[in-house]
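Data block below; observations after.
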2 protein chains.
Amino acid sequence: MPQGRELMKGNVDSLLLCLMGQQPMYGYQIIKELEKRSQGYFKFKEGTLYPALHRLERAGLIQGKWQLLSSGQQRKYYHITDKGLATLVEKRGQWLDFLFAMNLIIQPSRG
Amino acid sequence: MPQGRELMKGNVDSLLLCLMGQQPMYGYQIIKELEKRSQGYFKFKEGTLYPALHRLERAGLIQGKWQLLSSGQQRKYYHITDKGLATLVEKRGQWLDFLFAMNLIIQPSRG
DNA sequence: GATTCTACATAGAGAAACTAGGTATTGCCA
DNA sequence: TGGCAATACCTAGTTTCTCTATGTAGAATC
């Protein structure tokens with residue numbers, strides 16, 4: 001987050017759920033994917049991502065499964081759960097409400 | 001903030017600068033004004049507002065001036081400074097950048 | 001006379017993100 | 001083959017925000 005990184009706060013979980021709502025992903029992949037999809041804007045730090053993934057798993061919103069590659073390496077793929085999907089929908093709604101309220105203040109309609 | 005209150009983080013300063021960029025305001029008025037303009041969405045707590053105002057003043061973005069009412073009561077009006085105006089413009093830009101990036105993830109264009 | 005509204009303030013708790021460090025494997029290049 | 005970059009995971013400690021809870025005090029209302 002080059003500038004205005006404080007804006008991240010409160011949105012990390014939504015972004016992660018959103019990605020995993022589309023397909024299971026592992027940590028390193030998530031970092032790369034978020035950077036790519038946001039055209040370089042989101043550059044998650046590991047100290048942000050991994051604790052967030054563990055938090056989401058503890059909350060039952062995602063579930064991690066170790067997968068052994070033919071190379072012998074281990075990757076931990078996270079899958080979204082039903083509860084996670086429901087939370088994703090909820091969070092998307094909250095984000096839209098928040099956006100609406102912000103726009104009322106930040107770009108007040110003349111009148 | 002009824003739900004999704006974490007979304008506030010990092011945006012309090014922008015909202016405050018935005019209001020004071022239009023006219024000087026005092027604390028209690030800011031709380032009421034934000035609630036009114038956001039159609040009830042923003043309900044700032046005092047424990048959020050006053051520390052934020054002091055933070056902005058320490059940073060030289062706003063300046064508080066006590067004003068004595070005819071009733072004998074004191075109100076502390078905060079005025080935005082030149083530095084505050086510059087920061088407001090900057091923060092608005094950061095907000096738009098953030099919004100753009102969020103939309104790329106949250107509502108990915110099919111393709 | 002009591003409660004509510006106006007108006008300011010802070011201390012402490014909790015949560016979230018970052019800094020900075022650690023481990024280990026793989027692949028590349030000189 | 002020796003070193004470096006990339007891949008891939010992790011956490012302890014710090015900082016920063018926001019909220020909870022509380023305090024003070026005058027004005028208005030009931």
Side-chain angles (χ1 to χ4, degrees), chain A residues 1-17 24-36 41-59 61-78 91 94 98, chain B residues 1-17 24-36 41-59 61-78 91 94 98:
Chain A
M1 286 28 78
Q3 286 136 350
R5 72 182 49 164
E6 354 40 83
L7 296 173
M8 278 317 304
K9 297 176 185 179
N11 291 294
V12 167
D13 292 3
S14 294
L15 289 171
L16 297 184
L17 287 176
M25 285 195 180
Y26 58 96
Y28 192 80
Q29 182 187 14
I30 291 171
I31 291 178
K32 297 299 167 193
E33 196 64 23
L34 275 176
E35 182 169 6
K36 187 177 141 202
Y41 187 87
F42 293 127
K43 292 178 198 290
F44 272 47
K45 304 296 159 40
E46 294 169 322
T48 299
L49 179 71
Y50 289 109
L53 287 174
H54 301 158
R55 195 166 60 235
L56 291 174
E57 189 169 28
R58 269 200 310 280
L61 306 182
I62 61 176
Q63 199 186 357
K65 286 175 190 168
W66 284 103
Q67 207 154 315
L68 188 65
L69 302 184
S70 56
S71 66
Q73 242 192 318
Q74 295 272 5
R75 276 184 191 159
K76 200 169 183 179
Y77 278 87
Y78 287 95
K91 278 189 175 285
Q94 287 175 9
F98 176 68
Chain B
M1 286 29 81
Q3 287 138 347
R5 71 183 49 163
E6 345 56 73
L7 294 174
M8 280 317 304
K9 294 180 186 180
N11 291 297
V12 167
D13 292 4
S14 294
L15 289 172
L16 296 183
L17 287 175
M25 284 195 183
Y26 58 96
Y28 191 81
Q29 182 187 12
I30 291 171
I31 291 178
K32 296 300 166 191
E33 195 64 24
L34 276 176
E35 183 169 6
K36 188 177 139 199
Y41 186 87
F42 293 126
K43 292 177 199 288
F44 273 46
K45 303 296 159 42
E46 296 168 318
T48 300
L49 178 71
Y50 289 109
L53 287 174
H54 300 160
R55 196 165 60 234
L56 290 174
E57 188 169 29
R58 270 199 310 279
L61 305 182
I62 61 176
Q63 200 187 356
K65 286 176 189 166
W66 283 103
Q67 207 153 313
L68 188 64
L69 303 185
S70 56
S71 66
Q73 239 191 321
Q74 296 271 6
R75 276 184 191 159
K76 200 170 184 180
Y77 278 88
Y78 286 95
K91 277 189 175 287
Q94 286 175 11
F98 176 68

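Every chain is numbered from 1, with letters handed out A, B, ... down the list of sequences. This one's a predicted model, so the numbers in the text were calculated from it and none came from an experiment. Below, all heavy atoms of this structure are taken into account, side chains as well, without hydrogens, waters or symmetry copies.
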side-chain N/O A:Arg55 vs C:dA15 OP1/OP2, d < 4.0 Å: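 Answer no for this pair, as no side-chain N or O of A:Arg55 is under 4.0 Å from OP1 or OP2.
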Contact under 4.0 Å: A:Lys45 side-chain N or O vs C:dA17 OP1/OP2: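 No, outside the criterion.
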Residue pair A:Ile30 / A:Leu53, side-chain heavy-atom distance below 4.5 Å: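 Yes, their side chains come closer than 4.5 Å.
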Interatomic distance, A:Leu49 atom CG to A:Ile31 atom CD1 [nearest 0.5 angstrom]: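 So the gap between those two atoms works out to 5.0 Å.
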Scan nucleotides 3-9 of chain C against the protein and return all N/O pairs shorter than 3.5 Å with their distances rounded to 0.1 Å.
{"unit_1": "C:dT6", "atom_1": "OP2", "unit_2": "B:Tyr28", "atom_2": "OH", "d": "2.2"}
{"unit_1": "C:dT6", "atom_1": "O5'", "unit_2": "B:Tyr28", "atom_2": "OH", "d": "3.0"}
{"unit_1": "C:dA7", "atom_1": "OP1", "unit_2": "B:Arg75", "atom_2": "NE", "d": "2.7"}
{"unit_1": "C:dA7", "atom_1": "OP1", "unit_2": "B:Arg75", "atom_2": "NH2", "d": "2.4"}
{"unit_1": "C:dA7", "atom_1": "OP2", "unit_2": "B:Tyr26", "atom_2": "OH", "d": "2.8"}
{"unit_1": "C:dC8", "atom_1": "OP1", "unit_2": "B:Lys76", "atom_2": "N", "d": "3.1"}
{"unit_1": "C:dC8", "atom_1": "OP2", "unit_2": "B:Gly27", "atom_2": "N", "d": "3.2"}
{"unit_1": "C:dC8", "atom_1": "OP2", "unit_2": "B:Tyr28", "atom_2": "N", "d": "2.6"}
{"unit_1": "C:dC8", "atom_1": "OP2", "unit_2": "B:Tyr50", "atom_2": "OH", "d": "3.1"}
{"unit_1": "C:dC8", "atom_1": "N4", "unit_2": "B:Glu46", "atom_2": "OE1", "d": "3.4"}
{"unit_1": "C:dC8", "atom_1": "N4", "unit_2": "B:Glu46", "atom_2": "OE2", "d": "2.8"}
{"unit_1": "C:dA9", "atom_1": "OP1", "unit_2": "B:Lys76", "atom_2": "NZ", "d": "3.1"}
{"unit_1": "C:dA9", "atom_1": "OP2", "unit_2": "B:His54", "atom_2": "NE2", "d": "3.2"}
{"unit_1": "C:dA9", "atom_1": "N6", "unit_2": "B:Glu46", "atom_2": "OE1", "d": "3.0"}

Find the distance [X]:[atom1] to [N]:[atom2] and express it as a whole number of Å.
| X | N | atom1 | atom2 | value |
| --- | --- | --- | --- | --- |
| A:Ile31 | D:dT7 | CD1 | P | 11 Å |
| A:Gln67 | D:dT7 | CD | C1' | 16 Å |
| B:Leu49 | C:dT10 | CG | C1' | 13 Å |

side-chain contact (heavy atoms from CB on, under 4.5 Å) between A:Lys76 and A:Trp66, intermediate numbers included: CA-CA 4 Å; A:Lys76 200 169 183 179; A:Trp66 284 103; 3.8 Å; yes
ring-ring contact (aromatic ring centres under 6.0 Å, His included) involving B:Tyr26 - partner list, sequence neighbours excluded: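 So B:Tyr26 forms a ring-ring contact (aromatic ring centres under 6.0 Å, His included) with B:Tyr77.
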Pair A:Leu69-A:Gln74, side-chain contact (heavy atoms from CB on, under 4.5 Å): steps then yes or no: CA-CA 6 Å; A:Leu69 302 184; A:Gln74 295 272 5; over 6 Å; no
Qualifying residues under salt bridge (charged side-chain N to carboxylate O under 4.0 Å, His left out), relative to A:Glu46, sequence neighbours excluded: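 Partners of A:Glu46 by the salt bridge (charged side-chain N to carboxylate O under 4.0 Å, His left out) criterion come out as none, since no residue qualifies.
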